[in-house]
Amino acid sequence: MQGANQGTPDTPLDASSGKGLRIGIVQARFNADITDALAAACLGELEALGVAAADIHHVRVPGALEVPVALQALAERGGYHALVALGCIIRGETYHFELVANESGASVSRVVLDYRLPIANAILTTENHEQAVARQTDKGRDAARVAVEMARLLIELS
């Protein structure tokens, strides 16, 4: 299958891969320093891949648990080739970390399968702030690349 490995380090996506794609982004505001950096990296990479700014719909929600319902609303609205989930969950001293991480991840996956719509999940789950900072740029860029690659794949398979 041609293009199956696009986006891997060995075979990068080209600069026009995102041309004509409509992408929705849902960003959690909690840990905003991290999620703002994720969003900036994601938006920059989408632009580098040829996604027009007018074809990107970027919304913000309070936290990671609210991301899936906004993704679901965008999926129901229709017109998107792929969505991106951005958030940051940093482990604390209570079970809350596991609850938020597990529920947000499972809910994002459910939206993917219910709507057959690719969602690049860049909701970081880290032990501390330093780990989140170390991942924010690469994971934001990765999310953009995954969204474009999976959108193209599903177009090809349709």
Side-chain angles (χ1 to χ4, degrees), residues 7-9 13 17-18 21-154:
T8 65
L13 292 168
S17 298
L21 295 180
R22 183 156 162 77
I23 307 292
I25 299 172
V26 178
Q27 174 189 346
R29 289 190 309 266
F30 198 82
N31 291 315
D33 59 325
I34 303 299
T35 66
D36 286 346
L38 279 166
C42 181
L43 290 163
E45 190 67 13
L46 287 172
E47 179 183 335
L49 291 170
V51 179
D55 290 333
I56 299 170
H57 185 192
H58 183 186
V59 299
R60 290 170 182 83
V61 297
L65 285 176
E66 292 76 35
V67 169
V69 73
L71 292 168
Q72 183 181 45
L74 292 177
E76 286 178 0
R77 177 184 209 184
Y80 298 96
H81 294 95
L83 302 175
V84 177
L86 302 177
C88 179
I89 308 163
I90 299 173
R91 185 180 299 279
E93 296 176 5
T94 68
Y95 181 72
H96 187 68
F97 171 86
E98 285 82 3
L99 180 120
V100 174
N102 292 337
E103 291 301 320
S104 66
S107 296
V108 168
S109 294
R110 192 169 72 228
V111 174
V112 170
L113 297 174
D114 286 352
Y115 292 90
R116 197 174 156 246
L117 181 64
I119 300 176
N121 188 347
I123 298 176
L124 302 180
T125 53
T126 64
E127 294 294 323
N128 55 52
H129 189 264
E130 293 74 25
Q131 287 179 352
V133 169
R135 289 161 177 75
Q136 64 192 12
T137 301
D138 287 343
K139 294 301 180 184
R141 280 194 291 242
D142 289 349
R145 299 180 72 71
V146 166
V148 168
E149 181 176 344
M150 290 304 297
R152 287 287 173 220
L153 177 63
L154 287 188

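Only heavy atoms go into these numbers, but all of them, side chains included; no hydrogens, no water, no symmetry mates.
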Exercise. Determine, stepwise, if the pair Leu21 / Asp55 fulfils side-chain contact (heavy atoms from CB on, under 4.5 Å).
Key: CA-CA 7 Å; Leu21 295 180; Asp55 290 333; over 6 Å; no
Quiz item: More than 12 foreign heavy atoms under 6.0 Å from CD of Gln131: is that the case here?
Solution: yes
Quiz item: Above 12 or not: heavy atoms from other molecules or residues under 6.0 Å from CZ of Phe97?
Solution: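 Atom CZ in Phe97 is crowded, with more than 12 foreign heavy atoms closer than 6.0 Å.
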Do [X] and [Y] make a side-chain contact, defined as non-hydrogen atoms from C-beta onward lying under 4.5 Å apart?
X	Y	result
Val51	Glu45	no
Arg91	Glu98	yes
Gln27	Leu38	no
Ile25	Leu46	yes
Arg141	Thr137	yes
Leu117	Val111	no

Considering all heavy atoms, the nearest [X]-[Y] contact:
X	Y	result
Ala39	His58	CB-CE1, 3.9 Å
Leu65	Glu103	CD2-CB, 3.8 Å
Leu83	Leu71	CD1-O, 3.6 Å
Arg145	Leu49	NH1-CD2, 3.7 Å
Val84	Ala143	CG1-CB, 3.8 Å
Val61	Ala70	CG1-CB, 3.7 Å

Measuring from atom [atom1] of [X] to atom [atom2] of [Y], what distance do you get when rounded to the nearest 0.5 angstrom?
X	Y	atom1	atom2	result
Ile56	Cys42	CD1	SG	7.5 Å
Met150	Ile119	CE	CD1	11.0 Å
Leu99	Ile89	CG	CD1	9.5 Å
Glu149	Ser17	CD	OG	9.0 Å
Lys139	Asn121	NZ	CG	10.5 Å
Cys88	Ile34	SG	CD1	5.0 Å

Quiz item: Just checking, any donor-acceptor pair under 3.5 angstrom between side chains of Asp36 and Gln136?
Solution: no
Exercise. Under the side-chain contact (heavy atoms from CB on, under 4.5 Å) rule, what do Glu66 and Val26 come out as? Steps first, then yes or no, please.
Key: CA-CA 9 Å; Glu66 292 76 35; Val26 178; over 6 Å; no
